[in-house]
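First up is the structure itself, then whatever we jot down about it.
All values derive from a computational prediction rather than experimental measurement. Because only heavy atoms are used, hydrogens play no part in the values below, and waters and symmetry mates are left out as well, while side chains stay in.
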Amino acid sequence: MSQIKVIGKNGGRALEVEFPEAKVGILHDVVTWQLAKRRRGTASTKTRAQVSRVGKKMYSQKGTGNARHGDRSVPTFVGGGVAFGPKPRSYEYTLPRKVRQLGLAMALGDRATTGKLFAVDGFGVEGKTKQFVAWVKENGIEGSIFLVTDDVNARLAARNLRNVTAVAVEGLNVYDILRHDNLVIDAVVLEPAKDGEE
């Protein structure tokens, strides 16, 4: 059971949330799935049928002393087609929903265990970057920040900073949690988990 202190304008209380123990294998599976989904899959090469080459036989089959060759589009020649090269495709695959939910809970738990999870109820910033910087300093947050909030003004204030990634609550994901030092999240997101409603 993790105790998370709620900070912010309406803070001052503590949330008790139970997180599963983090397992590297599950976190790895979720991050790999997530990054595979993000891949554009636009890499493409031309086959020997698609390269711009004359299809005529290079020289006689016999009598020249050279190796036997057909046309110049074969992969053995510079400028020829590529054998078994990449073609545009989707790298996406499915991962069970329960595994994805478990991975997210483990990532949240990892940040909570290390004291890098900050639950916020009311940022009190009005879209100004200097206000958000002051708010971060006031709460003693150091390092990169993954800001997950539905407070539009907070996101506007933070998006200009190099070490902050600001997204709405629906954008909460395992990869960004793990690649940032701190997770700053709306307290209301963690409250359903307290009642066992994942």
Under 6.0 Å from the [atom1] atom of [X], do we count more than 12 heavy atoms belonging to anything else shown?
| X | atom1 | result |
| --- | --- | --- |
| F84 | CZ | no |
| R159 | CZ | no |
| H28 | NE2 | no |
| R179 | CZ | yes |
| Q50 | CD | yes |
| K87 | NZ | yes |
| E21 | CD | no |

Do [X] side-chain atoms and [Y] backbone N/O form a donor-acceptor pair below 3.5 Å?
| X | Y | value |
| --- | --- | --- |
| D71 | R53 | no |
| D150 | A168 | no |
| R72 | V54 | no |
| K37 | Y93 | no |
| Q131 | E126 | yes |
| N153 | D151 | no |

Considering all heavy atoms, the nearest L104-L172 contact: CD1-CG, 3.9 Å
Closest non-hydrogen atom pair, A187 against L15: O-CD1, 3.9 Å
Mutual orientation of the aromatic rings belonging to W135 and F123 [parallel < 30°, tilted 30-60°, perpendicular > 60°]: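 Rings of W135 and F123: tilted, 30 to 60°.
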Note: R38-D176 ion pair, threshold 4.0 Å (strictly below): yes
Is there a side-chain contact between [X] and [Y] (heavy atoms, below 4.5 Å)?
| X | Y | result |
| --- | --- | --- |
| P88 | T42 | no |
| I185 | F146 | no |
| D121 | R13 | yes |
| K23 | L102 | no |

Co-membership, hydrophobic cluster, residues I141 and V148, 4.5 Å side-chain: no
ILVMFWY cluster, V74 and V82 together (side-chain gap under 4.5 Å): no
Linked hydrophobic residues, Y91 as query - side chain contacts closer than 4.5 Å: none
